[in-house]
There are 2 protein chains.
Amino acid sequence: MQTLAPIAQKFILHWGEMGTRWGINRTVAQVHALLFISPKPVTAEDISNVLSVARSNVSNSLRELQSWGIVRVVHVLGDRRDHFESVKDVWEIFRIVAEERKRREIDPTLRVLRECVEELHRSGQSDKYTRERLESMLEFLTVMSGLFEEVVRIPASALKGVGKLRGKVVTLFGATRHREGT
Amino acid sequence: MQTLAPIAQKFILHWGEMGTRWGINRTVAQVHALLFISPKPVTAEDISNVLSVARSNVSNSLRELQSWGIVRVVHVLGDRRDHFESVKDVWEIFRIVAEERKRREIDPTLRVLRECVEELHRSGQSDKYTRERLESMLEFLTVMSGLFEEVVRIPASALKGVGKLRGKVVTLFGATRHREGT
DNA sequence: CTGTAATTTCAGTAAGGACAGAATATACAG
DNA sequence: CTGTATATTCTGTCCTTACTGAAATTACAG
């Protein structure tokens, strides 16, 4: 693998762009894209060549991806070099990334909100309105967070049936709405 | 409003930090946080003073928030200045932001993936493995995207009952898994 | 029309992150 | 122990984005 099929290139470049919009480093995302579509584990040097980025940059990107657990090192018989491969299951990738993002982006907010609400309770009613706002935000995030926890526990294998769920969500909430009133 | 209660400050600063992790400009997020907890609509100048950022910066941040539809201009009788207020309903805010992000971050990827898969089909079997990978990613994103569309259509009022859903998700998928096998 | 308040646009600057290449470290064959 | 292949860390540079303050624009009162 020294050159890249045009389609592969298109996908990798796009994935990199999307990465930046998600707050993920472009190169990191490109490396992931490359590994994701590679049938065989790839060496860091190959990645460096194919993507035309510095070897050191690849090294750091791989470390990042490994720390997330969506890329693994594997060894090939008779080759001293590290080879890398991506988790291939899309649901698994989604699950890992989503959990990591929740841990970094939602959980700290929940903590801070709890602290704020707590302190506002103690300090009396001087900020009634603010407290109400923070409480509603806290409640919302708590519920969503719990829901999310349940969803990511769904095993990848069960996801094959997820298409069948379409329509059910609305039905479920339709019923709820009926009970609760508009 | 010239000074900020300590708790309000804490919330605003934290919201700003979280914003940066979400690819949202820190100041934009802070302005939103301030408006969110303000009982009354606030002028741009007040925002500038309270947050200690340049007036022009506030102007741009407000424009961004307005373009998303989570902040509105309102006018106060006998005051020429624009006043700004945030949408207060947390589900509504979430819905708006999530839809906007999907539009910018998921939909383009779906387009590109479709194009890639399409072209790989035309160009024969030379890249069978890559095609499989891209197809599985496309299928996954399509399903999730559809599911998401349904969820965001749930009216805010119906959300009051969302807590009751906890546990149902797993049940639903448990049944699916049972049919599909682990 | 004129003057003033309010807002937006513009241009330069500062700060942060991404990146390349060099330097260093590690592992292993002989 | 030495030399070579491989991988990581470090340092400086470039580029992007955020931000400020000034200039320009708009809206309106008198």
Side-chain angles (χ1 to χ4, degrees), chain A residues 1-2 12-13 15-35 41-68 71-85 104-105, chain B residues 1-2 12-13 15-35 41-68 71-85 104-105:
Chain A
M1 146 137 40
Q2 213 52 279
I12 288 168
L13 289 175
W15 207 243
E17 285 317 303
M18 283 303 116
T20 62
R21 302 205 192 173
W22 271 77
I24 292 166
N25 182 288
R26 177 182 284 109
T27 308
V28 171
Q30 286 181 352
V31 170
H32 172 250
L34 174 60
L35 294 181
V42 185
T43 65
E45 178 130 21
D46 278 349
I47 297 172
S48 173
N49 291 332
V50 170
L51 299 183
S52 301
V53 294
R55 182 65 185 67
S56 56
N57 200 359
V58 172
S59 186
N60 291 328
S61 298
L62 285 169
R63 175 144 43 101
E64 176 93 4
L65 288 165
Q66 283 175 285
S67 81
W68 285 14
V71 160
R72 287 187 290 264
V73 185
V74 286
H75 285 104
V76 173
L77 229 66
D79 193 337
R80 272 164 56 185
R81 296 171 300 174
D82 289 348
H83 292 239
F84 299 88
E85 69 176 9
R104 294 197 227 169
E105 297 164 11
Chain B
M1 147 142 35
Q2 213 52 278
I12 290 168
L13 288 175
W15 207 244
E17 285 318 303
M18 283 304 116
T20 63
R21 301 203 193 174
W22 270 79
I24 291 166
N25 181 289
R26 176 183 284 111
T27 307
V28 172
Q30 286 182 352
V31 170
H32 172 250
L34 175 59
L35 293 181
V42 186
T43 64
E45 177 130 22
D46 278 348
I47 297 172
S48 173
N49 291 331
V50 171
L51 299 182
S52 301
V53 295
R55 181 64 184 69
S56 55
N57 199 358
V58 171
S59 186
N60 290 326
S61 299
L62 285 169
R63 175 143 42 104
E64 176 95 4
L65 288 165
Q66 282 175 286
S67 82
W68 285 13
V71 161
R72 286 189 290 265
V73 185
V74 285
H75 285 103
V76 172
L77 229 67
D79 193 337
R80 269 164 60 183
R81 297 172 300 176
D82 289 349
H83 292 239
F84 300 88
E85 68 177 10
R104 292 198 230 169
E105 298 164 12

Colleague: Given atom CZ of A:Arg26 and atom P of C:dG16, what is their separation to the nearest angstrom?
Modeller: 21 Å
Colleague: Side-chain contact, heavy-atom cut-off 4.5 Å: A:Asp82 with A:His75?
Modeller: yes
Colleague: Please step through side-chain contact (heavy atoms from CB on, under 4.5 Å) for the pair B:Val73 and B:Leu62, ending with a clear verdict.
Modeller: CA-CA 9 Å; B:Val73 185; B:Leu62 285 169; over 6 Å; no
Colleague: Between C:dA18, D:dT8, C:dA6, which nucleotide gets closest to the side-chain atoms of B:Arg81?
Modeller: C:dA6
Colleague: Nearest whole angstrom, please: distance from the P of C:dT7 to the CZ of B:Phe84.
Modeller: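 B:Phe84 atom CZ is separated from C:dT7 atom P by 6 Å.
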Colleague: Could you check whether A:Ser52 gets within reach of a base, just the sugar-phosphate, or nothing at all, counting any heavy atom under 4.0 Å?
Modeller: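 Sugar-phosphate: the residue A:Ser52, judged by heavy atoms under 4.0 Å, touches backbone atoms but no base.
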Colleague: Go through the steps for A:Arg26 and A:Glu17 under the test side-chain contact (heavy atoms from CB on, under 4.5 Å), then give the verdict.
Modeller: CA-CA 6 Å; A:Arg26 177 182 284 109; A:Glu17 285 317 303; 2.9 Å; yes
Colleague: Would you tell me if any nitrogen or oxygen in the side chain of B:Arg55 comes within less than 4.0 Å of OP1 or OP2 on C:dT7?
Modeller: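 So the side chain of B:Arg55 is within the cut-off, an N or O lying under 4.0 Å from OP1 or OP2 of C:dT7.
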Colleague: Whole-Å distance between C:dA20 P and A:Asn49 CG?
Modeller: 12 Å
Colleague: Could you check B:Gln66 against A:Asn60 and say which one's nearest nucleotide on DNA chain C is further toward the 5' end?
Modeller: B:Gln66
Colleague: Could you check how far NE2 of B:His75 sits from P of C:dA6, rounded to whole Å?
Modeller: 12 Å
Colleague: Rounding to a whole Å, what distance do you find between B:Gln30:CD and D:dA18:C1'?
Modeller: 12 Å
Colleague: Closest approach to the side chain of B:Asn57, judged atom by atom: which nucleotide of C:dA18, C:dA20, D:dT20 is it?
Modeller: D:dT20
Colleague: Can you check the B:Asn25 CG to D:dT20 C1' distance for me, whole Å?
Modeller: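 Whole-Å distance recorded here is 14 Å.
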Colleague: To the nearest Å, give me how far apart CG (A:Leu62) and P (D:dT6) are.
Modeller: 16 Å
Colleague: So if I apply the side chain to side chain contact (heavy atoms under 4.5 Å, CB included) rule between B:Glu64 and each of B:Val28, B:Val71, B:Ile24, which one comes out positive?
Modeller: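 Exactly one candidate clears the test, B:Val28.
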Colleague: If you check the A:Arg63 side chain, which of D:dA18, C:dT9, D:dT9 turns out closest?
Modeller: D:dT9
Colleague: Without decimals, in angstroms, what is the distance between A:Leu51 CG and C:dC19 C1'?
Modeller: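 Result: 14 Å.
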Colleague: For A:Ser59 and D:dT8, is the shortest distance between a side-chain N/O and OP1 or OP2 below 4.0 Å?
Modeller: yes
Colleague: Any side-chain to backbone donor/acceptor pair from B:Ser48 onto B:Ala44? Under 3.5 Å, distance only.
Modeller: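 Such a contact is absent between B:Ser48 side chain and B:Ala44 backbone.
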Colleague: Hey, is the side chain of A:Thr27 poking within less than 4.0 Å of OP1 or OP2 on C:dA18, counting only N and O atoms?
Modeller: no
Colleague: From the set C:dA20, D:dC19, D:dA22, return the single nucleotide nearest to any side-chain atom of B:Ser56.
Modeller: D:dA22
Colleague: Please pick, from D:dC28, C:dA20, D:dA5, the nucleotide with the shortest atom-to-atom distance to any side-chain atom of A:Arg80.
Modeller: D:dA5
